[in-house]
Undergrad: 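Here it is, the structure in full.
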Amino acid sequence: MVLFDFDGTLADTIPLIVASFQHTVRDVLGEQVSETEARSWIGRTLVDTFGERYPDHAEHLVETYRTWNLTHHDELIRAVDGVPELLDALVASGSRVGVVSSKGEHTVRRGLEAVGLRHDFAVLIGLEATELHKPHPDPLLHAAEALSVDPSACAYVGDAVVDIRAAQAAGMRAVGVTWGAGTADELRAAGPDAVTNTAGELLGILT
């Protein structure tokens with residue numbers, strides 16, 4: 001069983017997310033957020049991110065972010081080279097594939113459609129599914145339970161350190177990809193089972 005993060009893994013949403021964070025903080029608080037800082041926020045829920053950094057304004061920030069993000073969603077989202085072929089090959093080899101994301105299920109489905117990933121995902125877990133979120137293992141464990149699969153038989157693929165930590169906490173194989181939010185050095189420092197630079201390399205790791 002192979003579970004994937006969505007943002008920065010199955011789709012290139014990083015420019016969209018960074019722009020959304022920057023617009024939101026500037027619009028609500030009049031502050032500037034660097035791209036480096038915004039990228040470091042990727043992988044966790046908006047409620048957790050804004051709640052930690054700006055607790056007095058978190059609700060307004062989340063609302064502003066979601067409105068701007070959805071308005072510009074289809075304009076800024078991009079496909080990742082080789083991912084459709086990767087998913088096809090995994091399914092053809094007998095693997096089941098699923099998605100575990102920190103964003104809402106409806107938005108993930110919209111993103112999958114926008115980049116043409118109409119594959120038969122065995123499970124799709126969004127932020128509504130669990131109370132705790134990455135780097136906590138609950139969303140990943142929920143996906144495994146939904147499919148009656150032992151976590152140790154699963155791999156989780158993501159582009160951020162929180163993805164690696166969630167996989168490790170869930171007892172899953174942790175695989176980092178470098179085309180998203182995290183750098184290769186950041187991902188390797190988290191101690192994953194593997195880090196890869198392309199979808200083609202990833203297929204070799206997963207099969």
Undergrad: When you measure from the side chain of E35 to the backbone of A19, do you find a donor-acceptor pair of N or O atoms at a distance under 3.5 Å?
TA: no

Undergrad: Under a 4.5 Å cut-off applied to non-hydrogen side-chain atoms, are V97 and F4 in contact?
TA: yes

Undergrad: Take the angle between the ring planes of W68 and H23 and call it parallel below 30°, perpendicular above 60°, tilted in between.
TA: parallel

Undergrad: Looking only at non-hydrogen atoms, find the nearest pair between A114 and D74 and report the distance.
TA: CB-OD1, 4.0 Å

Undergrad: Does S40 reach the main-chain N or O of E37 with its side chain, forming a donor-acceptor pair under 3.5 Å?
TA: yes

Undergrad: Specify the closest pair of heavy atoms between S102 and G43, including all atoms of both residues, with the distance to one decimal.
TA: OG-O, 2.8 Å

Undergrad: Could you go through T49 and Y65, starting from their C-alpha distance and side-chain angles, then the distance that decides it, and tell me whether this counts as side chain to side chain contact (heavy atoms under 4.5 Å, CB included)?
TA: CA-CA 12 Å; T49 297; Y65 178 103; over 6 Å; no

Undergrad: Any chance CD of E131 has more than 12 other-residue heavy atoms, nucleotides or ligands included, within less than 6.0 Å?
TA: no

Undergrad: Could you go through the side chain to side chain contact (heavy atoms under 4.5 Å, CB included) check for T107 and R66 one step at a time?
TA: CA-CA 10 Å; T107 308; R66 286 177 173 160; over 6 Å; no

Undergrad: Kindly state whether the ring of F121 and the ring of F6 have centres lying under 6.0 angstrom apart.
TA: no

Undergrad: Specify the closest pair of heavy atoms between T9 and V157, including all atoms of both residues, with the distance to one decimal.
TA: CG2-O, 3.7 Å

Undergrad: Quick test of your reading of the model: are E105 and R109 salt-bridged, counting only N-O distances below 4.0 Å?
TA: yes

Undergrad: Any salt bridge linking E113 with R118? Criterion: basic side-chain nitrogen under 4.0 Å from a carboxylate oxygen.
TA: yes

Undergrad: Pick one: which of R78, R39, K103 meets salt bridge (charged side-chain N to carboxylate O under 4.0 Å, His left out) with D7?
TA: K103

Undergrad: For G171, is there any backbone N or O sitting under 3.5 Å from a side-chain donor or acceptor partner on S152?
TA: no

Undergrad: Mind listing the closest non-hydrogen atom pair of H136 and L132 along with its distance?
TA: NE2-CD1, 3.2 Å

Undergrad: With distance as the sole criterion, is a donor-acceptor pair present between the side chains of N69 and S20 under 3.5 Å?
TA: yes

Undergrad: Is Q32 close to R26 at the side-chain level, that is, under 4.5 Å between some pair of heavy atoms?
TA: yes

Undergrad: So, the side chain of S93 versus the backbone of L90: is there a donor-acceptor pair under 3.5 Å, distance only?
TA: yes

Undergrad: Which atoms form the tightest heavy-atom contact between I14 and G8, and what is the distance?
TA: CD1-CA, 3.8 Å

